[in-house]
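As structure tokens, the structure follows; a few thoughts come after it.
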Amino acid sequence: MTTISTIDKLREHLGDTVTLQGWVHQSRASGKVAFILVRDGTGLCQCVMEKSDQTAGFFDETRRLAQESALEVTGVVVADARAPGGFELQVTNVCVVHAARDYPITPKPHGIEFLMKLRHLWFRSQRQWHILRIRATVVDEIRRYFNDHDYVLIDTPIFAPAAGEGSQTLFKVDYFGEPVYLAQTGQLYVEAACMAHRKVYCFGPTFRAEKSKTRRHLTEFWMVEPEIAYASLGDVIDAAEDFVCSVVQRVLRDHRPQLIELGRNVEELERIQKPFHRITYTRAAEMLRSPQAKALLEQDLVAKQERLAELDRRIEKLEAVAKGDGKQWDKDVAAAEAIEAREERAEVQEQIRNIPHHLELAAGFEWGSDLGGSDETIISRLHDKPVFVTHYPKHAKAFYMREDRADERVVENFDLLAPQGFGEIIGGSAREEELGRLLARIRHDHLPEDDYEWYLDLRRYGSVPHGGFGLGVERTLCWLCGLKHIREAIPFARMMGKIYP
RNA sequence: UCCCCGAUAGCUCAAUCGGCAGAGCGAGCGGCUGUUAACCGCUAGGUUCUAGGUUCGAAUCCUAGUCGGGGAGCCA
């Protein structure tokens, strides 16, 4: 009777005979020795099987086990520098649970369409495994942070009778013959709850029917929304800052190796310390029109053009190698690198095409417009840490945001822009607590007043200054992991025109 | 809603000016006693997205459509 172990605990079993329950991640075999890289959900372990009297009974059948075959493998745990991870299993027995055939995801590169259709299998790949582990930690830290800071969890409804935000982005569903909408935010409900519990938060999926096919958009994404009674705009910003630092620290603490594996620059994350930068929208607008912004983009253009020339040279060289008559191995590597370089070239070309437009947008930025994606990128790249942009023009923002009493053209809101151009990860505000002002805004925006009767009650009975924010889990994960596309930050992405699997 | 790009073997990609449909991986078989995306040999594998058109001849050119990728607007 041997111990059943998991790969993450092998270190504790050095010298022991243990059984691993897992799947074949990769395998290499010769006539007399086979290396099976086993994946068991907790990690990877190289299992070495030498042909001998002991293994004769199963060696020939198992040496060529196909990728993703399920197996129980028993052996002695030994330390070996040649093994990935430093430990390996000297196999004494193998029990095939299920022999797989023709597993579609191979160790070679695949296209994104193919991988998304096989999302249910793509999970098993190392990169995806790391990302979803980090996601689980981020979600855990979100809950832990708010629970430990005296926030009360309030679950808000998914079926909502009216719009929380722009009504063009609502998913309409039939509710016993009545049209209702999938929630875009739980905010109005947590506002009600914070008057009962002082500090509350909701955490769940939200739905937006935005017709956006970009690397930053999902139609179903997860958002945490804390709401605090007796809070000023400054209090809410302080809370957001502390919270974001806490999430970053936790991910650094628990996932440093995974972040490095994903290619994330860990030093950049280590710089995420309080205080973050705080600028007003008006100042941001000035920055966009400033010589610094222009210089940044112009330098960017030069850098991108140099990169493009470099890539052209590289691609030419790689193609020559790939088509030459060198060793097959070298040709393969060159061909794979050429594909990667071509992808990067296409991306750089697109960026170069966009820069003049971005320059124009920034230089011609007028007070009153909302900040666009490229504007946010410029602002965040002019800073080395996350930036809070506050006090946006009233007419560009939602009706519930508190009017600045000192300047009624703006509201007391903020966005938090992640550094390195990852864009907006938080939106928040102080909420309008005066019934009269709120009613005027609802009427001005032609919103259905009846639907908001209950919400207006909050201003009739013990209305106090309060505020909160919403943090998008997937966008935060993109930033933390350095992901290029949001679809990798959620187990099963829901995007415009995509709902399988 | 708008703009740009793409679709060739199971996968990733080639195919020069419009002239015989190719390679690697994966799969199958064989070989190899320490591999790290293993290696070596052999085998099988094609309605070139769809429908029209131009042409002696179309993967390649034209028109329309479908699907996918990226971006704008909008947003977390």
Side-chain angles (χ1 to χ4, degrees), chain A residues 25-37 44 46 48-52 64 66-67 80-85 88 101-118 165-166 168-169 184-185 206-225 319 322-323 327-329 331-336 338-340 342-343 346-347 349-351 353-354 357-358 361 369-374 376 396 398 415-418 422-428 469-479 484-487 489 495 497-498:
Chain A
H25 191 66
Q26 277 175 36
S27 71
R28 289 173 284 278
S30 69
K32 300 283 166 33
V33 61
F35 300 90
I36 304 174
L37 195 57
L44 289 173
Q46 174 167 284
V48 185
M49 189 164 65
E50 288 182 22
K51 190 164 188 173
S52 67
R64 282 193 187 279
Q67 203 185 344
D80 193 311
R82 293 170 296 188
E88 65 182 25
R101 283 180 60 102
D102 296 327
Y103 185 68
I105 302 176
T106 70
K108 300 286 173 184
H110 296 287
I112 192 63
E113 184 186 355
F114 180 72
L115 290 170
M116 284 305 284
K117 276 187 183 144
L118 296 173
E165 313 242 326
Q168 297 96 347
T169 62
Q184 295 178 309
T185 167
T206 66
F207 307 88
R208 301 208 183 161
E210 276 161 13
K211 292 201 168 67
S212 301
K213 278 170 56 175
T214 82
R215 63 182 71 199
R216 298 187 313 281
H217 286 87
L218 294 167
T219 53
E220 178 180 318
F221 65 96
W222 283 64
M223 186 157 71
V224 60
E225 295 175 277
E319 278 174 349
K323 284 177 186 165
K327 288 178 67 176
Q328 191 57 52
W329 164 264
K331 288 163 70 173
D332 281 1
V333 170
I339 291 166
E340 240 170 79
R342 264 186 241 119
E343 271 168 22
E347 216 168 286
Q349 279 171 337
E350 169 104 34
Q351 286 164 351
R353 265 198 304 278
N354 283 334
H357 182 52
H358 292 169
L361 283 176
S369 341
D370 210 342
L371 296 177
S374 64
E376 286 181 355
D415 283 349
L416 178 64
L417 308 182
F422 279 95
E424 184 179 349
I425 57 170
I426 287 182
F469 64 88
L471 171 127
V473 170
E474 290 78 16
R475 285 196 180 171
T476 302
L477 220 56
C478 282
W479 168 49
K484 280 203 289 195
H485 202 298
I486 200 162
R487 66 188 151 214
M495 298 186 292
K498 191 187 296 295

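Computed from a prediction, not measured in an experiment: that's the story for all the values here. Just so it is clear: chains get the letters A, B, ... in the order the sequence lines come, proteins before strands, and each one is counted from 1. Keep in mind that the numbers below use all heavy atoms, side chains included, and drop hydrogens, waters and symmetry copies.
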Using atom types as modelled and distance alone, determine if a side-chain donor or acceptor of A:Glu474 lies under 3.5 Å from a backbone N or O of A:Trp222. yes
Is there any protein nitrogen or oxygen under 3.5 Å from a nitrogen or oxygen in nucleotides 44-48 of chain B, and what are the pairs?
none

Identify, residue by residue, the members of residues 27-35 of chain A with a heavy atom below 4.0 Å from RNA chain B, and return them in order of residue number, or none. A:Arg28, A:Ala29, A:Ser30, A:Gly31, A:Lys32, A:Val33, A:Phe35
Please check if the side chain of A:Arg208 supplies one atom and the backbone of A:Gln184 the other of a donor-acceptor pair under 3.5 Å. yes
With a 4.0 Å cut-off on heavy atoms, is A:Glu220 in touch with a base, just the backbone sugar-phosphate, or nothing at all? nothing
Under 4.0 Å, counting only non-hydrogen atoms across every strand here, what does A:Lys51 touch: a base, just sugar-phosphate, or nothing? nothing
What's A:Ile426 touching, base or sugar-phosphate or nothing? Going by heavy atoms closer than 4.0 Å. sugar-phosphate
Listed nucleotide nearest any side-chain atom of A:Arg216, set B:G70, B:A38, B:A72: B:A72
Among B:A37, B:A76, B:G69, which nucleotide sits nearest the side chain of A:Met223? B:A76
Options B:G69, B:G28, B:G30, nucleotide nearest the side-chain atoms of A:Arg64: B:G30
Name the nucleic acid region contacted by A:His217, choosing base, sugar-phosphate or nothing; use a 4.0 angstrom heavy-atom cut-off, strictly under. base
Heavy-atom check, side chain of A:Glu88 versus side chain of A:Phe35, under 4.5 Å: no
Please list each protein N or O that sits under 3.5 Å from an N or O in nucleotides 2-10 of chain B, with the distance.
none

If you check the A:Glu424 side chain, which of B:G28, B:A37, B:A76 turns out closest? B:A76
B:U63 and B:G6, which share atom name P, separated by this distance in whole Å: 14 Å
Just to be sure I understand the rule, does A:Leu471 reach a base, reach only the sugar-phosphate, or reach nothing, if contact means heavy atoms closer than 4.0 Å? nothing
Salt bridge (Lys or Arg N to Asp or Glu O under 4.0 Å) partners for A:Arg64, two or more places apart: none
At 4.0 Å (heavy atoms only), tell me whether A:Gln46 reaches a base, stays on the sugar-phosphate, or touches nothing. base
Go through the structure and list residues passing side-chain contact (heavy atoms from CB on, under 4.5 Å) with A:Ser30, not counting sequence neighbours. A:Val33
Determine the interatomic distance between C1' on B:U50 and the same-named atom on B:A38; round to the nearest Å. 42 Å
Using a 3.5 Å distance criterion without hydrogens, assess whether the side chain of A:Arg475 forms a donor-acceptor pair with backbone atoms of A:Ile486. no
Within the structure shown, what part of the strands sits under 4.0 Å from A:Asp415 by heavy-atom distance: base, sugar-phosphate, or nothing? nothing
Compare all side-chain heavy atoms of A:Thr185 with those of A:Thr206 and state whether any distance is below 4.5 angstrom. no
Closest to the side chain of A:Lys213, out of B:C75, B:G34, B:G69, is B:G69
Using a 4.0 Å heavy-atom cut-off across all strands, classify A:His485 as base, sugar-phosphate, or nothing. sugar-phosphate
Tell me, what's RNA chain B's dot-bracket, Watson-Crick or G-U with both distances under 3.5 Å, | for other-strand, [ ] crossing? (((((((..((((.....[..)))).(((((.......))))).....(((((..]....))))))))))))....
When you measure from the side chain of A:Leu218, which nucleotide among B:A37, B:A76, B:G73 comes out closest? B:A76
If we take the P atom in both B:A64 and B:G46, what is their distance in whole Å? 33 Å
Is A:Lys484 touching bases, backbone alone, or none of the nucleic acid, heavy atoms closer than 4.0 Å? nothing
